[in-house]
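Presented below is the structure to which this report refers.
Sequence lines set the chain letters: A, B, ... in the order given, protein chains first and strands last, and positions in each chain run from 1.
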Protein chains: 2
Amino acid sequence: MNISELAKELGFSVSTVSRVLSGNAEKYRISRKTVEKVQEAAEAFQVTPDPIGAGLRRGKMGIVGLLVPDITNPFFSQLARAIELKLRSSGVAVQLCNSAEDSSTEISLLGKMLTRRLDGMIIAPVGTESEALRSMIQDSSMPIVLVDRPLPGTKAPSVSLENRNAGRLAAQQLLAAGHTLIGCLRGAPGSESDRERFEGTRDALRAAGIDPESLVVAGSGYSREESLSASALILRRPDRPTGIVTLSGQGILGALETARELKLTIPDQLSIVAFDEQPWSPLIEPPITTIAQPVDQMANRVVELLNRNMQKSSKDENSDRETNESYFFDALLMERSSVGSPS
Amino acid sequence: MNISELAKELGFSVSTVSRVLSGNAEKYRISRKTVEKVQEAAEAFQVTPDPIGAGLRRGKMGIVGLLVPDITNPFFSQLARAIELKLRSSGVAVQLCNSAEDSSTEISLLGKMLTRRLDGMIIAPVGTESEALRSMIQDSSMPIVLVDRPLPGTKAPSVSLENRNAGRLAAQQLLAAGHTLIGCLRGAPGSESDRERFEGTRDALRAAGIDPESLVVAGSGYSREESLSASALILRRPDRPTGIVTLSGQGILGALETARELKLTIPDQLSIVAFDEQPWSPLIEPPITTIAQPVDQMANRVVELLNRNMQKSSKDENSDRETNESYFFDALLMERSSVGSPS
DNA sequence: TTCGCTGGCGCAAACGTTTGTCCTCTCCTA
DNA sequence: TAGGAGAGGACAAACGTTTGCGCCAGCGAA
């Protein structure tokens, strides 16, 4: 039963019922009695306004899209959970998409979502510097917030980690323990955040008086295979680094697997600092020192930004878009036992 | 620009444009020339049919809801990824919700989603046997598929693990290694699947000629705290079990953390068999023997069932609902090194 | 020439809301 | 008693599609 049938049933007009059921009763001076009658009947007949009809009239459906590289990555799943929770409290639903860490998939997905009349979008862009992605964001009138990986030169605000400092912090752990030959397992070297983290580690080396060029670097992607082969590249060298920093959340898996193959003990023969806290980081032998991201705070900021932009775009259409509003959060060092002095 | 403006622009009627753009051109015998003209113009002006308008007319928006206890749990995030991928190929979007392993949250969320006019729902029910949940499913006319945890006595088809066999399989690993005093870390004892797994482990003990009552049991939830205290309950006993089975995906974390606190070496002082494969299961020291679920196959089956039900419910309204169509998948044993003989 | 058929397309209803505007009472005041 | 004001609702337009039906022109057949 829809609200017009309910109206007929009650002898009221559709508008009256609509105003009551959408909570605008007193704004339109509906009498107390009427409100009660309508609410009772709505309860009894299980009537709620049809969201599609309302959506058509309002021009939006109360749904925001969330486009992440891989929901299986704990960082993104935590992010998704926090975002969904916060948006839900404003009655907004979340539509999920995985770009599978693939840039062209991401583009086509974003294209589809842009035509889907969502209220807004939250995007964790895949790492390569895609001009297509940038221009889609620029051309679209939809409120968009970027997360995890900023995309310089777009109007979309972004929320991410203070990546360069974080990279510095990671390397410093190894340097402080006395390591001088250090490996660096990168994620996707095309992504802004990966590059920043990488520069951070180089900063740290420089500050310690070590030639940043001595850093043993490898890595070109997030998949198991890629991080595995990159780890091998680093750890199978004759002059094997005594410490390694993994710049992406998945990297630690490749590093651990390779260390296991080579029967390297941690931290005696190999020290590890890993980006992204995982539920199991503190629990394995030895507990892994990690660089954690304040996921919940970041999620909250994302939602705030999105809400603000959604209001703006619905009120005055041509408000001055403050371009490049970016927020950076400090990384958290979780110091544990995977870092020791070099043998 | 919408299709009616485009129609005006071209001198065609709205219906013609609509038929072309929704791919029903030849069904309505639109001429080749017209089709081309319309498609070109649509391309040029970036016009796609507004999904809300279409949704209103069709009565649905091409969205299915996915309600999981916790998207952070690797099992559910893998499931979500696979389901989203498969549904996307039919042009259907996925709306995500977390019930936070809380039964009342689940009920209220489900209620909201039922009014949202989704095409269907996929639910991984929270473990307690909620009569409310059951009746909401019964009363609703929306196509619903249950996953991971069957809910006996509802019309909704379900997809889950052959849990009893899986429990048996897990316990057999320990028994075969010679363990006789075995611990069992349960998840939520109210859930069907937890109960089945539990019965399975008891089966195995019985078959080995061991009194199932000798099983040391604890556990009442999925949170870190709960699995931690339950692990303590099991492992701090004077007659500490030499082997333990963790029945929920999260359980292994509690068991590992407790083992670490007690400085128990694995597998020498404690053998472990854990439910649910995790990315890190093979990588830590020692690699953990797990009972894995064929997630992708399960996801595919879920989508098939949902599609079938969505067709049914849109065609003949009162087709005979085959109640209780349940599918069970065999667990996969990942045999590794966390099981040894008791000291 | 007329009839019928069919290819090609337009008309208009329907989907279910929301909301600006207008109408109708009632009551109060001068 | 007439005039005005304000409270309480009704009317109808608009949101953008989809789709059953009907209309018209042209062509072949009788």
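Boundaries of the chain A contact region on DNA chain D are D/dA7 to D/dG16, first to last in 5' to 3' order (nucleotide atom under 4.0 Å from a heavy atom).
For residues 23-48 of chain A, proximity to DNA chain C is found at A/N24, A/Y28, A/T48, defined as any non-hydrogen atom under 4.0 angstrom from a strand atom. For DNA chain C, the residues of residues 1-13 of chain A within the heavy-atom distance limit of 4.0 Å (strictly under) are A/N2, A/I3, A/S4, sorted by number.
Judged as a salt bridge (Lys or Arg N to Asp or Glu O under 4.0 Å), and not counting sequence neighbours, A/R58 has no contacts. Applying the side-chain contact (heavy atoms from CB on, under 4.5 Å) rule to A/D296 yields the partners A/A82; only residues at least two apart in sequence or on another chain are considered. By the side-chain contact (heavy atoms from CB on, under 4.5 Å) test, A/E5 pairs with A/M1, A/N2, sequence neighbours left out. Considering only residues two or more places apart in sequence or on other chains, A/S160 meets the side-chain hydrogen bond (donor to acceptor under 3.5 Å, both in side chains) condition with none of them. Residues satisfying the side-chain contact (heavy atoms from CB on, under 4.5 Å) criterion with B/M113, sequence neighbours excluded, are B/Q95, B/C97, B/L118, B/M121. Residues forming a side-chain hydrogen bond (donor to acceptor under 3.5 Å, both in side chains) with A/R57 (at least two apart in sequence, or on another chain): none.
Between B/V17 and A/L56, it is A/L56 whose nearest contact on DNA chain D lies nearer the 5' terminus. Comparing B/T16 and B/R58, the nucleotide of DNA chain C nearest to each residue sits closer to the 5' end for B/T16.
A donor atom on one side chain and an acceptor atom on the other are not found under 3.5 Å apart for A/S77 and B/S77.
Rounded to 10 degrees, the angle separating the terminal axes of the helix from C/dT1-D/dA30 to C/dA30-D/dT1 is 70°, with each axis obtained from five end pairs.
Note on B/R19 versus B/E26: no salt bridge recorded, every NZ/NE/NH1/NH2 to OD/OE distance being 4.0 Å or above. Note on B/R149 versus B/E101: salt bridge recorded, some NZ/NE/NH1/NH2 to OD/OE distance being below 4.0 Å.
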Exercise for review: Check step by step if side chain to side chain donor-acceptor pair (under 3.5 Å) holds for B/T48 and A/T115.
Suggested key: CA-CA 7 Å; B/T48 47; A/T115 71; 4.5 Å; no
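A side-chain hydrogen bond (donor to acceptor under 3.5 Å, both in side chains) check over residues 29-42 of chain B, counting only residues at least two apart or in different chains, returns the pairs B/S31-B/T34.
Here the side chain of A/N24 pairs no donor or acceptor atom with the backbone of A/K27 at under 3.5 angstrom.
Base contact: B/R19 has a heavy atom under 4.0 Å from a base atom.
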May I have the list of side-chain donor-acceptor pairs in residues 9-18 of chain A shorter than 3.5 Å, sequence neighbours left out?
{"from": "A/S13", "atom 1": "OG", "to": "A/S15", "atom 2": "N", "distance (Å)": "3.4"}
{"from": "A/S13", "atom 1": "OG", "to": "A/S15", "atom 2": "OG", "distance (Å)": "2.9"}
{"from": "A/S13", "atom 1": "OG", "to": "A/T16", "atom 2": "N", "distance (Å)": "3.4"}
{"from": "A/S13", "atom 1": "OG", "to": "A/T16", "atom 2": "OG1", "distance (Å)": "3.3"}

